[in-house]
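These notes concern the structure reproduced below.
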There are 2 protein chains.
Amino acid sequence: MTTKTKIMKAAEELFAHGGFHHTTMRAITSKAGVNLSAVNYHFGSKEALLTAIFDMHWTPINEERVQRLSRVAKKSQEEPQPPTIEEAMRSFIEPTFALFQSGASGGYFRIIVGRALSEPDQTVREIFLHRVMPVIEMLKDLLCQAMPRTSRAEVSWKLRFALGAMSQTLTGHNQPPLFYLGEEKVSSGVVDLLIGFIVKGMQE
Amino acid sequence: MTTKTKIMKAAEELFAHGGFHHTTMRAITSKAGVNLSAVNYHFGSKEALLTAIFDMHWTPINEERVQRLSRVAKKSQEEPQPPTIEEAMRSFIEPTFALFQSGASGGYFRIIVGRALSEPDQTVREIFLHRVMPVIEMLKDLLCQAMPRTSRAEVSWKLRFALGAMSQTLTGHNQPPLFYLGEEKVSSGVVDLLIGFIVKGMQE
DNA sequence: GTCTATATGCCGATAGAC
DNA sequence: GTCTATCGGCATATAGAC
């Protein structure tokens, strides 16, 4: 494993566990077993390291989401039927968890993302928002079509509720210590439970 | 206004805006217009200051919640009818927002609470969890009665989704910069929108 | 109770040898 | 590319004058 990879792997876990600001370069390099200067050599700064981690995991997730949302939008234009809330939300939510569950990447990255919505740290929030907002807008447009009798302001709020619920699933799945309500080992079915919750909640 | 009050007021706003760790004692005392040492003299430490802020706002909210939840539990025992999801959730959610809307206190405290669920900072999380868990347990028991056909594990997850949605409402209300989805000025009706979303989402 | 001054320590980042 | 050594800054906390 290259030094660069070792750093990213260690940083991902530490950022997930303790947050960006609380995690020090010394902790990262120590865990990775590399020299303190290596972060600045390979990434330029602590912030650039976070960005690199974010892009590595986030790009494929977002591409999948955009693809699926576009497909739903196209289908609803061809047919004379508006999209359903469920297919819109599934297109957004499923790619997020699919990557995590495939195992290879980002078991810890999930927690960073789950936390990003209520992140007080400007650095983290800006990196996150800049990448997620365009997709959110696509999703919101579809939802407005799916709920023609609901004002755009109300759709915005409902979408926000949905993202809050999703955020808790991201941080909580396999990570009880964060906020343990007990008996949360549904595991495989949780994503469907989440989607069901959101779809019913959004209904007009 | 006493020095102690001035400090608490300034700290509350800064903690809400930038998070606990990111906020420095210098920023707090400077904003409050008092000396740097005053925090340690009046509270003992930065952490104790946060605890004091938390208790000031949280105690009355929690008392109201426990009172209302107890009333629901008692009623469902006397009648042969289980409680409804709506009355259980209302008993928990409404006191939270009622205090904030009454104006006098904690406009900024709301954001601290809303963020606490996904807080990476151990200090903040522990203060919060220690105070909210008993009430959450009461609420969960009522929800299990309201959803007799749903397993406790599933109720736990649904409750978690609900808290995630609520968290977004707490941070977002009047605080667009955090995560602005646009047109979110429903304001007065947002709490009812939130409760409607949660109740429908939880339905068996 | 409130101030100044300072102790003590960790932070991110960089310079420069190898 | 990787190391050591260190810079300049800011953090919390406290000692002691007033």
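Computed from heavy atoms alone, side chains included, the values below leave out hydrogens, waters and symmetry copies. Sequence lines set the chain letters: A, B, ... in the order given, protein chains first and strands last, and positions in each chain run from 1.
- Rounded to an integer number of Å, the gap from A:I7 CD1 to C:dG12 P is 13 Å.
- We find that CD1 of B:I28 is positioned 14 Å from C1' of D:dA13, with the value rounded to whole Å.
- Comparing C:dT2, D:dT2, D:dA13 by their closest approach to the side chain of B:Y41 singles out C:dT2.
- A cation-pi contact links A:R65 to A:W58, judged by a cut-off of 6.0 Å to the six-membered ring centre and 45° from its axis.
- Residue B:F43 contributes atom CZ, which lies 15 Å from atom P of D:dT12 at whole-angstrom precision.
- Rounding to whole angstrom units, CG of residue B:L14 and P of D:dA11 are separated by 12 Å.
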Fill in the blank from the handout: The contact string for nucleotides 5-11 of chain C, one letter per nucleotide 5' to 3', using protein heavy atoms under 4.0 Å with B, S and - for base, sugar-phosphate only and none, comes out as ------B

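- When all heavy atoms are compared, the tightest approach of B:S76 to B:P82 is CB-C, 4.2 Å.
- Using a 30° and 60° split on the angle between ring planes, B:H22 and A:H21 fall in the tilted class, from 30° to 60°.
- Of the side-chain N and O atoms in A:T3, one or more sit less than 4.0 angstrom from OP1 or OP2 of D:dT2.
- A:T171 and B:S118 share no side-chain donor-acceptor pair at under 3.5 Å.
- Side chain to side chain, B:H57 and B:E12 meet the donor-acceptor criterion of an N or O pair below 3.5 Å.
- The interatomic distance linking A:N40 (CG) with D:dT6 (P) rounds to 19 Å, in whole Å.
- Between B:T96 and B:I61, the shortest heavy-atom distance links the atoms CA-CG2, 4.0 Å.
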